[in-house]
Engineer: 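Have a look at the structure that comes next, please.
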Amino acid sequence: MTRLSGVTPSGHITLGNYLGAIQRWAAEGTEHDLYFISDLHAMTTSHNPGRLRSLATEGLAVLISSGISPERLFVQSDIARELGALTWILECTCSYGEAARMIQFKEKAKGQAGVRLSLLTYPTLMAADILLQGASEVPVGEDQRQHVELARTLARRFNTTYGEVFTMPSAVLPPAAARVRDLSDPTRKMSKSAQDTAGVVSVLDEPDLIGRKIRRAVTDGGSEVVYSPEDRPGLANLLEILAGCTGGAPDDLAAEHTTYGSLKNATAEAVIETLRPLREATNALLQDPAELDRVRKAGAARASERGDHRLTSALRLVGAG
């Protein structure tokens, strides 16, 4: 069983990304799990090429520094030729109606002029990511489940029409993890692509900056420290972050603090100490571009080798090889 998960470098990796997924990947991932930097996915909207390249490199360094084996890692654009060929095959397998029904396309394209075609065809690239590597399980949230179902539909259609090539993937909900919300607006998640970063903690933020952001976090009204996600989302966010860093339970942690100031100080200290080794290791690795380049080339070679027989067979069966 192969599981595939990716991180899109639409911004700096956040505390939410780390506590919600990356930390678990490092601790619980098996030799069959694959992780990749999905930099091609960040091109569906206007972007700065230099920044995208830098964020992809930074993201790879973060994943390595978190403890994920380099043998399980690759960068999406390093196998762009293979993905491009398979994406075209899948676009020739997918109907316009299927692509246009994707909820994310409807939401992101709504009311916008000059929407890039890639926003419509992005799910077929995601399907190519999954099918090329032979992934049988794809841990995703509800917002991406429809895309994995499309990949499953396309795999079944191709296998039925032309011949058995692709593993049938399934979307699986990832294990419950820390829910990290924006410190300035706890009604939304902490996002890499947020325009206002006052409430976003990046894993490479310096300790002083982390402390300032957490101490300025929204805590709702009232004065009692209680864990009530529905009524006190700002306070609950801090307690969940503290729980994610310490392994404690939000209810128990709430009982340990009598003031907001005490809770914020404890949360800031816990976040700083949790991220310190990751930040230091990542910064050291970013100073060694030769090593990162070696990891990328080796990862690309493995990813290409894993998918070569599938792509070759698919091209041959459709009459293109």
Side-chain angles (χ1 to χ4, degrees), residues 7 10-27 55 58-59 61-63 65-67 141 174-284:
V7 178
S10 54
H12 300 290
I13 291 178
T14 71
L15 174 67
N17 301 135
Y18 182 68
L19 294 181
I22 296 172
Q23 182 176 240
R24 186 181 68 254
W25 296 347
L55 288 172
E58 181 182 293
V62 168
L63 295 188
S65 299
S66 72
R179 297 185 309 162
V180 180
R181 301 291 177 174
D182 190 291
L183 296 171
S184 299
D185 182 0
T187 64
R188 65 190 184 196
K189 71 176 183 179
M190 188 176 287
S191 173
K192 296 189 300 292
S193 56
Q195 296 298 311
D196 181 1
T197 61
V200 178
V201 173
S202 297
V203 297
L204 298 186
D205 280 348
E206 291 296 326
D208 287 348
L209 180 57
I210 293 173
R212 288 198 300 273
K213 288 181 177 180
I214 292 177
R215 291 185 179 94
R216 293 173 181 169
V218 169
T219 49
D220 322 301
S223 58
E224 185 182 3
V225 179
V226 294
Y227 180 60
S228 179
E230 294 298 324
D231 300 325
R232 312 278 289 281
L235 191 59
N237 188 38
L238 288 175
L239 287 166
E240 288 171 358
I241 290 172
L242 182 57
C245 291
T246 64
D251 280 311
D252 295 337
L253 293 169
E256 297 176 7
H257 300 277
T258 58
T259 67
Y260 289 170
S262 171
L263 173 61
K264 287 184 174 182
N265 286 336
T267 303
E269 182 178 344
V271 171
I272 289 168
E273 292 309 313
T274 296
L275 295 182
R276 187 186 303 279
L278 176 62
R279 185 183 69 257
E280 292 176 351
T282 300
N283 286 334

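Quick note: residue numbers are just sequence positions, from 1. Bear in mind that the values here come from a model prediction, so they are computed numbers and not experimental data.
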Engineer: Please tell me whether S262 and N265 have a donor and an acceptor in their side chains that are separated by less than 3.5 angstrom.
Structural biologist: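 Checked: S262/N265 side chains show no N/O donor-acceptor pair below 3.5 Å.
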Engineer: Can you tell me how far OG1 of T246 sits from CD of E273, rounded to the nearest 0.5 angstrom?
Structural biologist: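 If we round to the nearest 0.5 Å, E273:CD and T246:OG1 are 13.0 Å apart.
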Engineer: Please report the closest heavy-atom contact between H257 and A266, naming both atoms and the distance.
Structural biologist: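 For H257 and A266, the tightest heavy-atom pair comes out as CE1-CB, 3.5 Å.
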Engineer: Heavy atoms only: give me the nearest G211-A268 pair and the separation to one decimal.
Structural biologist: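 Smallest interatomic distance, heavy atoms only, reads CA-CB, 4.1 Å.
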Engineer: Kindly say whether L263 contributes a backbone atom to a donor-acceptor pair with the side chain of T267 at under 3.5 angstrom?
Structural biologist: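 Side chain of T267 to backbone of L263, a donor-acceptor pair under 3.5 Å: yes, one is there.
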Engineer: When you measure from the side chain of S65 to the backbone N and O of V62, does any donor-acceptor pair fall under 3.5 Å?
Structural biologist: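 Not a single qualifying donor-acceptor pair exists.
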Engineer: For the pair R276 (side chain) and P207 (backbone), establish whether a donor and an acceptor sit closer than 3.5 Å, ignoring hydrogens and angles.
Structural biologist: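 No; judged by distance alone, with no hydrogens or angles, the pair does not exist.
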Engineer: Among V225, V218, L183, which one satisfies side chain to side chain contact (heavy atoms under 4.5 Å, CB included) with L238?
Structural biologist: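 Per the side chain to side chain contact (heavy atoms under 4.5 Å, CB included) rule, the option paired with L238 is L183, out of V225, V218, L183.
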Engineer: Looking only at non-hydrogen atoms, find the nearest pair between L278 and S66 and report the distance.
Structural biologist: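 In this case the closest contact between L278 and S66 is CD1-N, 3.6 Å.
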Engineer: So, do T274 and V271 sit near enough that their side-chain heavy atoms are less than 4.5 Å apart?
Structural biologist: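 T274 does not reach V271 side chain to side chain.
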Engineer: Grab the two heavy atoms, one from D220 and one from R232, that are nearest each other, plus how far apart they are.
Structural biologist: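 Minimum heavy-atom contact is OD2-C, 3.1 Å.
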Engineer: Does the pair L55 and H12 meet the rule for a side chain to side chain contact (heavy atoms under 4.5 Å, CB included), with working shown?
Structural biologist: CA-CA 7 Å; L55 288 172; H12 300 290; 3.5 Å; yes
Engineer: Any chance you could measure L253, atom CG, to Y227, atom OH, to the nearest 0.5 Å?
Structural biologist: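 The distance works out to 10.5 Å.
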Engineer: Output the distance between atom CE (M190) and atom CZ (R181), rounded to the nearest 0.5 Å.
Structural biologist: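 Rounded to the nearest 0.5 Å, the CE-CZ separation comes to 10.5 Å.
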Engineer: Do E58 and I13 come within less than 4.5 Å of each other through their side chains, counting heavy atoms only?
Structural biologist: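 The answer is no; the side chains never approach within 4.5 Å.
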Engineer: Is a donor on one side and an acceptor on the other found under 3.5 Å between the side chain of K192 and the backbone of G11?
Structural biologist: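 Checking the backbone N and O of G11 against the side chain of K192, no donor-acceptor pair under 3.5 Å is found.
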Engineer: Over all heavy atoms of both residues, which pair between A198 and S184 is shortest? Give the atoms and the distance, please.
Structural biologist: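 Of all heavy-atom pairs spanning A198 and S184, the closest is C-OG, 3.7 Å.
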Engineer: Provide the full list of side-chain hydrogen bond (donor to acceptor under 3.5 Å, both in side chains) pairs with a residue in residues 194-208, sequence neighbours left out, each pair given once.
Structural biologist: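 Checked against side-chain hydrogen bond (donor to acceptor under 3.5 Å, both in side chains) - neighbours excluded - the pairs reaching residues 194-208 are D205-K213.
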Engineer: When you compare the side chain of D182 with that of V200, does any pair of heavy atoms fall below 4.5 Å?
Structural biologist: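 Contact flag for V200/D182 side chains = yes.
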Engineer: Where do T14 and N17 come nearest, in terms of heavy atoms and distance?
Structural biologist: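 Heavy-atom minimum between the residues: N-OD1, 2.9 Å.
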Engineer: Would you check if the side chain of N237 reaches a backbone N or O of P186 as a donor-acceptor pair within less than 3.5 Å?
Structural biologist: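 Between the backbone of P186 and the side chain of N237 there is no qualifying donor-acceptor contact (under 3.5 Å).
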Engineer: How long is the straight-line distance from CD of E269 back to CG of L242, given to the nearest 0.5 Å?
Structural biologist: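 If I round to the nearest 0.5 Å, the distance is 10.0 Å.
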Engineer: What verdict does the side chain to side chain contact (heavy atoms under 4.5 Å, CB included) test give for L275 and V201, after you've listed the backbone C-alpha separation in whole Å, the side-chain angles of each residue and the deciding distance to 0.1 Å?
Structural biologist: CA-CA 10 Å; L275 295 182; V201 173; 4.2 Å; yes
Engineer: Take V180 and Y18 through the side chain to side chain contact (heavy atoms under 4.5 Å, CB included) test and state the conclusion after the steps.
Structural biologist: CA-CA 10 Å; V180 180; Y18 182 68; over 6 Å; no
Engineer: Less than 4.5 Å apart, side chain to side chain, heavy atoms only: is that true for T282 and V203?
Structural biologist: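 Not touching, per the 4.5 Å side-chain cut-off.
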Engineer: Could you tell me whether the side chain of S228 reaches within less than 4.5 Å of the side chain of L235, counting heavy atoms only?
Structural biologist: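 The answer is no, as the side chains (C-beta and beyond) never meet within the 4.5 Å cut-off.
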Engineer: At what distance, to the nearest 0.5 angstrom, does CD1 of I210 lie from CZ of R215?
Structural biologist: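 Here the interatomic distance stands at 10.5 Å.
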Engineer: Find the distance between SG (C245) and CG (L19) and round it off to the nearest 0.5 Å.
Structural biologist: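 CG of L19 is found 5.0 Å from SG of C245.
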Engineer: Counting neighbours of CZ on R216 that are heavy atoms of other residues, nucleotides or ligands and sit closer than 6.0 Å, is the number greater than 12?
Structural biologist: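 No.
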